[in-house]
Colleague: 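I'd like to ask you about the structure that follows.
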2 protein chains.
Amino acid sequence: MRLAQDGVLTSNCPSRVVLDHLTSKWGVLVLSALADGTLRWGELRREVDGISEKMLAATLRTFEADGLVHREAYPEIPPRVEYSLTALGREAAEALGPLLRFAVEHAEEIVG
Amino acid sequence: MRLAQDGVLTSNCPSRVVLDHLTSKWGVLVLSALADGTLRWGELRREVDGISEKMLAATLRTFEADGLVHREAYPEIPPRVEYSLTALGREAAEALGPLLRFAVEHAEEIVG
DNA sequence: CTGTATCCGTTTCGATACTG
DNA sequence: CAGTATCGAAACGGATACAG
């Protein structure tokens, strides 16, 4: 099957870091929520069921630094901030698609 | 893009558990190592660079319980145990493919 | 060789309270 | 509304020693 090409399995490979971010506890969920379109902070918080404010903030900051998520703040009262995927973020979300589908399709089979 | 179909984002959805196992710190790497074929315990330990014995054992036990990994023990001296993917495990590994490729391809771009 | 058991520091994470 | 700060509990995870 040759899945582990080019050294994902090697500890000093940079891909490990990317993998860690994408597969972090909330990373997959936040990314897949944003894949449906732009969301505000509050919407994101409600959408990703069970996430705490702290974890949402941390996850978003990581992805913003990675260039996967774009943050747009509007200087209004009350404040409004919108989050969306960058082109790179959309690529990442697409790469996550098969994994999401597998999880949903086989959930009962595995957990049940 | 409609990625989050059927409620991956809902906290009580069983798919969350599957996702947690697959995206656990070492889950992706162990699965991708086994995607190349059957491996013995020691080989696996060397292959997945940086994993501790404790984490390898825990990851393998989880996947075995999930029905993703098959464990075959040979009653010899010295003992020999081989691990391989089940049909379901191969499906999971395939679902992980795009993610692995994305990580490797964009590692420098993101981390650098 | 293939693990298990234990110790113990580190990190994660959620709850709560608070700010602009 | 959109966060930040702080705290404590819990889980994670590595090193080591040991066992079959």
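Each chain gets a letter, A, B and so on, in the order the sequences are listed, and its residues count up from 1.
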Colleague: Are OP1 or OP2 of C:dT4 and a side-chain N or O of B:W41 less than 4.0 angstrom apart?
Modeller: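 Negative; the distance criterion is not met.
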
Colleague: Between A:I51 and B:V81, just flag the one whose closest nucleotide in DNA chain C comes earlier from the 5' side.
Modeller: B:V81

Colleague: Rounded to whole angstrom units, what separation is found between the CG atom of A:L56 and the P atom of C:dT16?
Modeller: 18 Å

Colleague: Apply salt bridge (charged side-chain N to carboxylate O under 4.0 Å, His left out) to B:E108 and list each qualifying residue two or more places apart in sequence or on a separate chain.
Modeller: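 For B:E108, no residue satisfies salt bridge (charged side-chain N to carboxylate O under 4.0 Å, His left out) once neighbours in sequence are set aside.
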
Colleague: Have a look at B:R45 and say if it touches a base, only the backbone sugar-phosphate, or nothing, with a 4.0 Å heavy-atom cut-off.
Modeller: nothing

Colleague: What is the distance from CE of A:M55 to P of C:dG14, rounded to the nearest Å?
Modeller: 6 Å

Colleague: Starting from the C-alpha separation in whole Å, work towards a yes-or-no answer on salt bridge (Lys or Arg N to Asp or Glu O under 4.0 Å) for B:R45 and B:E43.
Modeller: CA-CA 5 Å; B:R45 178 144 172 50; B:E43 294 172 324; over 6 Å; no

Colleague: Could you state the atom-to-atom distance from CD of B:E82 to P of C:dC1 in whole Å?
Modeller: 14 Å

Colleague: Grab the CZ-C1' distance between A:R61 and C:dC13 for me, whole Å please.
Modeller: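 One finds 14 Å between C1' of C:dC13 and CZ of A:R61, rounded.
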
Colleague: C:dG3 P sits how many Å from B:L39 CG, rounded?
Modeller: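 Atom CG in B:L39 sits about 13 Å away from atom P in C:dG3.
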
Colleague: B:E76 CD to C:dT2 P: how many Å, rounded?
Modeller: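 One finds 10 Å between P of C:dT2 and CD of B:E76, rounded.
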
Colleague: Side chain of B:K25: nearest nucleotide among D:dG14, C:dG14, D:dT4?
Modeller: D:dG14

Colleague: Does B:R40 place a side-chain N or O at less than 4.0 Å from the phosphate oxygens OP1/OP2 of C:dT2?
Modeller: yes

Colleague: What is the separation between atom CD1 on B:I77 and atom C1' on C:dT2, rounded to the nearest whole Å?
Modeller: 11 Å

Colleague: How is B:Y83 classified with respect to the nucleic acid when contacts are heavy atoms under 4.0 Å: base, sugar-phosphate, or nothing?
Modeller: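 Sugar-phosphate only.
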
Colleague: Take A:E105 and A:R101 through the salt bridge (Lys or Arg N to Asp or Glu O under 4.0 Å) test and state the conclusion after the steps.
Modeller: CA-CA 6 Å; A:E105 279 173 26; A:R101 277 189 290 280; 5.6 Å; no

Colleague: Quick one: closest heavy-atom pair of A:V18 and B:A103, and the distance?
Modeller: CG1-CA, 4.0 Å

Colleague: Looking only at the side chain of A:P79 (C-beta and beyond, no hydrogens), which of the listed nucleotides C:dG3, D:dA2, D:dT4 gets closest?
Modeller: D:dA2

Colleague: Rounded to the nearest Å, what distance is computed from the CZ atom of residue B:R80 to the P atom of nucleotide C:dG3?
Modeller: 12 Å

Colleague: Report the residue (B:R46 or A:E53) whose heavy-atom-nearest nucleotide on DNA chain C is the more 5′ of the two.
Modeller: B:R46

Colleague: Tell me, do A:T59 and A:K25 make a side-chain contact under 4.5 Å, heavy atoms counted?
Modeller: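 No, every pair of side-chain atoms sits at 4.5 Å or beyond.
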
